[in-house]
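Worksheet: the structure to be examined is printed underneath.
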Protein chains: 2
Amino acid sequence: MSSDKQERRVFHNNEDCPVRNVVAQIGDKWSILILFALVDGPDRFNSLRSRIEGISQRMLTQTLRDLERDGFVLRTVYPQVPVKVEYELTDLGKGLSGSVWKLVSWADNHHETIRENRKSYDEANS
Amino acid sequence: MSSDKQERRVFHNNEDCPVRNVVAQIGDKWSILILFALVDGPDRFNSLRSRIEGISQRMLTQTLRDLERDGFVLRTVYPQVPVKVEYELTDLGKGLSGSVWKLVSWADNHHETIRENRKSYDEANS
DNA sequence: TGCCTTGGTTACCTTCAGGTAACCCATAGA
DNA sequence: TCTATGGGTTACCTGAAGGTAACCAAGGCA
C-alpha cells in the first residue's frame, strides 16, 4: 500500500474553512477597491464614489456596510448640514489591505506573463 | 483651495486594472482550493475531486482549464487505459499560491476577531 | 415655498456562476 | 456483449450578485 494519498490534505467547504472565508470576504467586485482607496486616508462617501470608477451608489453603500460589519472600516457621521460621513480603515482594515496589497503586487509583476500564457493557450485551442 | 483630493488615487475598472485582474483570477469559488491542493504535489483528476469537498466534476474541469490557461497549472495526459491525467503547479502557480497563502494565513489569524466584530455589529443593528 | 446638498434606501430587472444529472469515449476484462 | 474505469462534455436550471433609476430625509438658503 502506497502512502502517497495519506499525506494529502483534504479541503472542506464548510463555513469554518479559512480559505473559503477569506475569499468570500474580499472576493466580491468592490471590497478591495474600496480598501485600497481608503489606504490614502479617511474619505467621504461621494468622494469615494467618484474615485472608484464605475461603482454605483447602491454597491458602495452595501460594500461599505459589509466592511464596517467585519471591522475593517470605521464609519463616522458628522451631524452637519448637509451631513458629512467619513470612512476610514481600522487597524484591522490596514492589516488586511497590507496583506492583499502584497498579493496584488505579485499579480501585477506577473500580469504580462499571464496574458501571454492565455494568448498562446487560446491560439493552441482555437 | 485644499490639496487633499489631488493626492488621492483614482481606481479604474477597466481590464488593465491589476487589482480587478487578480481578484477576477482567484476570486471564484474553487481556484484557491485547487491551487492549495496541488501544493502537496501533482495529483490526478479524481483524487482532486475527492480531496476538494463539494466540488462538482463540471467545476473541477472548468477551473482546472482556467488555471492551465493562465499558466498556473500543467496538465499531463498519460495515454494508459484507463487514461491517467495529472495536474501540477508550474513555477508561476507556486508563486501565486505562495502569495495567496500569506493572505490566507493573515485571515486565519484574524478570523476570530472578524467573527466577533460581525456578531456585535449584528446585535447593535438588530 | 421651493430647491440644493449629502448620503443614503428601495423596487425591479438582468446576468452569470455554479449545481445537477445525463451522456460520451476508449479499452480491458469477464 | 456487457460492464467498469478515468476523465471528461453537455443541457438545463436556480440563486445570488450587481446594475438602474426612482425616491427619501434633514436642513439651509434664496
Side-chain angles (χ1 to χ4, degrees), chain A residues 4-5 11-15 17 19-20 23-34 37-38 42-69 73-88 125, chain B residues 2 4-5 11-15 17 19-20 23-34 37-38 42-70 73-88 125:
Chain A
D4 289 351
K5 285 171 189 171
F11 294 87
H12 313 277
N13 69 349
N14 59 42
E15 50 185 275
C17 169
V19 180
R20 180 59 44 86
V23 177
Q25 210 75 203
I26 56 149
D28 69 327
K29 190 168 179 184
W30 299 109
S31 289
I32 293 184
L33 272 318
I34 294 178
L38 290 175
D43 204 0
R44 301 178 59 175
F45 187 85
N46 280 325
S47 171
L48 284 170
R49 198 182 167 190
S50 61
R51 290 173 60 212
I52 301 170
E53 195 178 87
I55 196 167
S56 66
Q57 196 166 28
R58 181 184 174 285
M59 288 315 295
L60 180 56
T61 307
Q62 185 176 304
T63 312
L64 280 169
R65 289 291 174 280
D66 290 344
L67 293 172
E68 188 194 359
R69 179 171 181 252
V73 160
L74 180 66
R75 177 175 182 266
T76 311
V77 180
Y78 298 90
Q80 310 170 347
V81 166
V83 67
K84 170 179 167 182
V85 180
E86 243 183 20
Y87 294 91
E88 62 188 306
N125 299 57
Chain B
S2 86
D4 288 352
K5 285 170 190 172
F11 294 86
H12 314 275
N13 69 348
N14 60 41
E15 50 186 274
C17 169
V19 180
R20 180 59 45 83
V23 176
Q25 208 76 201
I26 57 150
D28 69 327
K29 192 168 177 184
W30 299 110
S31 289
I32 293 185
L33 271 319
I34 293 177
L38 291 176
D43 204 1
R44 303 177 57 176
F45 186 85
N46 280 325
S47 171
L48 285 169
R49 196 180 167 192
S50 61
R51 289 173 62 211
I52 300 171
E53 195 178 87
I55 197 168
S56 66
Q57 195 166 30
R58 180 183 174 286
M59 288 314 296
L60 181 56
T61 307
Q62 186 175 303
T63 311
L64 281 169
R65 288 292 175 280
D66 290 345
L67 293 172
E68 188 194 359
R69 179 171 181 252
D70 289 347
V73 160
L74 180 67
R75 177 174 181 267
T76 312
V77 180
Y78 297 91
Q80 310 171 346
V81 167
V83 66
K84 171 180 167 180
V85 179
E86 243 183 20
Y87 294 91
E88 63 187 307
N125 299 57

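What you see is a predicted model, and the numbers here were worked out from it, not measured in a lab. Letters A, B, ... mirror the listed sequences (proteins, then strands); counts begin at 1.
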Open item on the list: According to side-chain hydrogen bond (donor to acceptor under 3.5 Å, both in side chains), who are the partners of B:Glu53, at least two apart in sequence or on a separate chain?
Closed with: A:His12

- [ ] List the atom of A:Ser47, the atom of A:Ser50, and the distance in Å for their closest heavy-atom pair.
- [x] O-OG, 3.0 Å

Task: Contact check, side chains of A:Phe45 and A:Gln57, non-hydrogen atoms, under 4.5 Å - done: yes

d([atom1], [X]; [atom2], [N]) in whole Å:
| X | N | atom1 | atom2 | result |
| --- | --- | --- | --- | --- |
| A:Gln80 | D:dC29 | CD | P | 13 Å |
| B:Asn13 | D:dG19 | CG | C1' | 12 Å |
| A:Met59 | C:dG7 | CE | C1' | 17 Å |
| A:Glu53 | D:dG19 | CD | P | 13 Å |
| B:Asp66 | C:dG18 | CG | C1' | 13 Å |
| B:Leu60 | C:dA17 | CG | P | 17 Å |
| A:Leu48 | C:dG8 | CG | P | 10 Å |
| A:Ile55 | D:dT20 | CD1 | P | 12 Å |

Donor-acceptor pairs under 3.5 Å, side chain of residues 26-34 of chain B to any protein atom, not counting sequence neighbours: which ones?
residue	atom	partner	partner atom	Å
B:Asp28	OD1	B:Ser31	N	3.4
B:Asp28	OD1	B:Ser31	OG	2.6
B:Asp28	OD2	B:Ser31	OG	3.1

- [ ] Identify, with sequence neighbours excluded, every residue that meets side chain to side chain contact (heavy atoms under 4.5 Å, CB included) alongside B:Arg75.
- [x] B:Arg65, B:Glu68, B:Val77, B:Val85, B:Tyr87

TODO: Output all residues satisfying side chain to side chain contact (heavy atoms under 4.5 Å, CB included) with B:Glu88, sequence neighbours left out; order by chain, then residue number.
DONE: B:Pro42, B:Leu74, B:Thr76

Tell me, please, which residues at least two apart from [X] pass salt bridge (Lys or Arg N to Asp or Glu O under 4.0 Å).
| X | value |
| --- | --- |
| A:Asp66 | none |
| A:Arg69 | B:Asp122 |
| A:Arg49 | none |

Open item on the list: So if I take the C1' atoms of five pairs at each end of the helix from C:dT1-D:dA30 to C:dA30-D:dT1 and get each local axis, what angle do the two axes make, rounded to 10 degrees?
Closed with: 30°

Task: Base-contact (B) and sugar-phosphate-only (S) positions in nucleotides 6-15 of chain D, heavy-atom cut-off under 4.0 Å, - elsewhere - done: SBBBBB----

